[in-house]
Amino acid sequence: MITTTQSIDTLLKQWQNERLLTSLDRHFALQMAQLHQEKSPLFLLICALLSQNLSSQHSCLPLSQLDFSNPVKEKNSQCQINLSVAALTAELLRFDAVGTTDDDQLKPLILDQGNLYLQRYYHFECEVAEHLIRLAHAPALNGSTDDAQLTHAKSLLESLFPPSEQQYDWQKISTATALTQKLAVITGGPGTGKTTTVTKLLYLLTSQTELTIRLVAPTGKAAARLSESIKASKQRLASELQHLPADDIKRTMGRIPEDAATLHRLLGVIPNSHQFRHHKDNPLRLDLLIIDEASMVDLPMMHKLLTALPAHASIILLGDQDQLASVEAGAVLADICSGLKVSLDNGASGWQMRYSAPQAQRLSQLTGYPLTHLVSDNPQIGDSLCMLMHSHRFQGDAGIGQLASAVNQANLTRIADVWQTGYEELLWIEHTNINNGITNHGLEALLNQSVTQYSAYLSAIGTNGVSAADIIENFNQYRILCAMRAGEYGVDGINQGVTRSLADKDLINPEQEFYAGRPVIIQSNDYNLGLFNGDIGLILPDDMSESKRLMAHFIQADGGLLKVLPARLPSHETCFAMTVHKSQGSEFSHVSLVLPIKPSLAQQQLLSKELVYTAITRAKHHFTCLGSQRVFEQASSRLTQRASGLAQRLWNKVDKLNNEHS
C-alpha cells in the first residue's frame, strides 16, 4: 500500500528532525497506533498527515489533495502511496479507528465526502453549518415582514440613507438584509462602511423597541477599535439626523451600545478550564450579537458562540473575507462567502451577490433598487450575505487602496504600475548589497525610519500634561509588520534592530529588562489579570505613584487603562515589530511591511496574497515595504486555501440538512 526506503517509525523521527513534521504530529500517530493496536505503516502515515494539516490550520485532510508520490513534501521522496483515492478510502475504512457518518459507534477519526477528520472537528463543522443554515432560514429579529412593517422600515431606511450618486447603496442593502434575516453577514474591505452600516441598523432596530445587544471582537484591541468606531459613527449619524425630533434621536442613540468585549469575556472564562460559563445549557442573555473582525474567528470558537446563542437571538458577522484567516483551524468567514465568488473576464476572481426571488423582492421593496438580475436558482445562504464594495477610507490615499486592490486580485501588472506611479503615501525600500555581504542599506533605511517614527512617543514620556493614554495613542501611529517570527527579517531580528537603533540615539535604555517606553505584546492569556494573547501595552512611569515606578499600561476594550506590575506580566516580548497575523483588528497611520530576502520553502508557505493584503490594509495614510520585487510578486500570487468541508455543507447541502433537522 505504501513504499518506504526505511521503516515508517524511522521516517517519522527523521521527518520530525527535518521539521517536515512536528513532534506533536509524530506522537499523535504513534499514540493512535498504540491505542488501536494498529501496526500498518499506512495508518501511521495518514495519522501524521492529519495532525500536520490541523497544525497548518486546516480542519480536515482531503484525500484527493494528497501528493501520493511525495506525501510529506520531502526534497527527495522516501515514501509514496501506491493506491488510488478510491482504494485509499476503502483501505482507511478497514481500520478500527476510522468511521463514517453512518456508523452506530462514534470513531475518533471520521471519513466524510473524501475528507478525513478528527471526530471533534467533524462535530464542530457539522454543527456550525447546521446553526448557520437554521439562522439563515429563520424569521428575522423584528418578527414578521408584512406590508405594514415593510412600509415602516422603508421609511426609516430612506431617512438613514438619503439618495446617493451610486447606482446601488450597498450599505442600505446590507441594512435591509439584516432587517429581514436572523443571520446577516456584512463583509467588505477597509473603509467600506461596515461599522457605519451596523450603527444605522441598530438605530433603526432600537427606534422601534429595546433590545439587549452585545458587541464583540476576537481580541482586546479589535474590541477597543469597534467601541471607538461605534462612538464615532453615532456622532456622525446624530448630526445627519438633525431633521428628526431631538428627543427621539437622544432616546434611540442611548439604546445603541458602545462598549465592545472580547469573545472570551462574552462567553465567560472559567479560570484553569477550557470551558466557558455560557454554552448550550446556559445560553447568552441577549437579543442580538454583533461580531466584528469575523475572519479571525476560528472553527472551534464559532462553534462555541453559535451553541451559546439563545434560540430567539439574531447574529451579525462583520469582516473582510479577503483578509488572513484565523490563526487556529478553519476559515469560517471565507467558507460562508465562498458561494459568491465568481471568475472575472480578466482571469481574476470577484464577488457576485446571489438572492432567492422572495428575498430579492423584499430587498427591492425596502431599498427601491431593482435586484432581479441577482436572483439565483441556487442562492443557498446568499440571502443572508451582503458585500460592501466602495471604500471611503482610501479616497484621499488612493495609492494604498490601489495597491490593496491590485494585490487582492493578484494582478502583477497592476501591482507594478501602482508602485511605479509614485504615490506619496507609498514607499518602496529595496534590499541592497546582499550578495556582496555588505550592509543591507534597505534595512538601514527601515531602521532609520523607525527611529523617526517612534521618537515622538518616546520623547513624550515624562512630559507634563501628557497622559499614558496619549503616549500609547502616539505609539500606535506606527508599526512594523513582519511575515514571520524568526530570522533577521522576522519579528525577532527587527525588534533587536529597532532596539539597538533607538538605544544608539539615547531614546531608550535597554540595559534593564523593563525600561520606560518598552512596548510589550502578551503571548498567553491571563484571565485573572484580564490580559490576553495579542494585547499590546507600554512600560511607563505610573503618574499615580509618587515614586513614578514603572508599570505596564494597557488600553482595555472599554477605553479604560489597565496597569500591571511588570513582574506580574504573563509571557510577553518586545513589540516594536509584530507579525501580520497579530496585527489583524488593528489600524495604524503608517505601516512598514518587512519581507525576507530569500524565503525558505516553509517561509514561502507563509507569504501569501492574504498576508500582503492584510498588511497593506492596516495602514490608513502611509505604507512602506522593505523587500524585493520577486518576493512581493510571488507572495501576491500565492492564494491561501484552508482544507474544510464547511463551504460545501453551507452551499451544496442546504436542502438535505434542512430536511434532516426540520
Excluding sequence neighbours, so at least two apart, what forms ring-ring contact (aromatic ring centres under 6.0 Å, His included) with [X]?
{"X": "F475", "answer": "Y454, Y457"}
{"X": "F124", "answer": "Y121, H303"}
{"X": "Y369", "answer": "Y168"}
{"X": "F276", "answer": "H264"}

For [X] and [Y], test the side chains for any donor-to-acceptor distance below 3.5 angstrom and give the result as yes or no.
{"X": "Q359", "Y": "R362", "answer": "yes"}
{"X": "T196", "Y": "R236", "answer": "yes"}
{"X": "T307", "Y": "H279", "answer": "no"}

Next item on the list: State, with a plain yes or no, whether a side-chain heavy atom of L286 is found less than 4.5 Å away from one of L309.
Entry: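 Heavy-atom side-chain distance check passes, below 4.5 Å.
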Next item on the list: Determine, step by step, whether D247 and K250 satisfy the salt bridge (Lys or Arg N to Asp or Glu O under 4.0 Å) criterion, reporting the C-alpha distance in whole Å, the side-chain angles of both residues, the deciding distance to 0.1 Å, and the verdict.
Entry: CA-CA 5 Å; D247 290 343; K250 183 177 181 181; over 6 Å; no
Using the salt bridge (Lys or Arg N to Asp or Glu O under 4.0 Å) criterion, which residues pair with [X]? Sequence neighbours excluded.
{"X": "R255", "value": "E210"}
{"X": "E258", "value": "K234"}
{"X": "E158", "value": "K172"}
{"X": "D470", "value": "none"}

Can I get a per-line list of side-chain donor-acceptor pairs under 3.5 Å for residues 328-338, giving both atom names and the distance, sequence neighbours left out?
from	atom 1	to	atom 2	distance (Å)
D335	OD2	S644	OG	2.9
S338	OG	D335	O	2.8

Margin query: Show every salt bridge (Lys or Arg N to Asp or Glu O under 4.0 Å) that has at least one partner inside residues 198-208, sequence neighbours left out.
Written below: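 Found K200-E240.
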Next item on the list: Could you list all the salt bridge (Lys or Arg N to Asp or Glu O under 4.0 Å) pairs where at least one residue sits in residues 293-311, not counting sequence neighbours?
Entry: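 Checked against salt bridge (Lys or Arg N to Asp or Glu O under 4.0 Å) - neighbours excluded - the pairs reaching residues 293-311 are R225-E293.
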Notebook entry, point to check: If you look only at pairs with a residue in residues 192-222, which of them pass as a ring-ring contact (aromatic ring centres under 6.0 Å, His included), with sequence neighbours excluded?
Noted result: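 Qualifying pairs: none.
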Check: In terms of ring plane angle, is the pair H622 and H590 parallel, tilted or perpendicular, where the classes change at 30° and 60°?
Finding: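 It falls in the tilted class, 30° to 60°.
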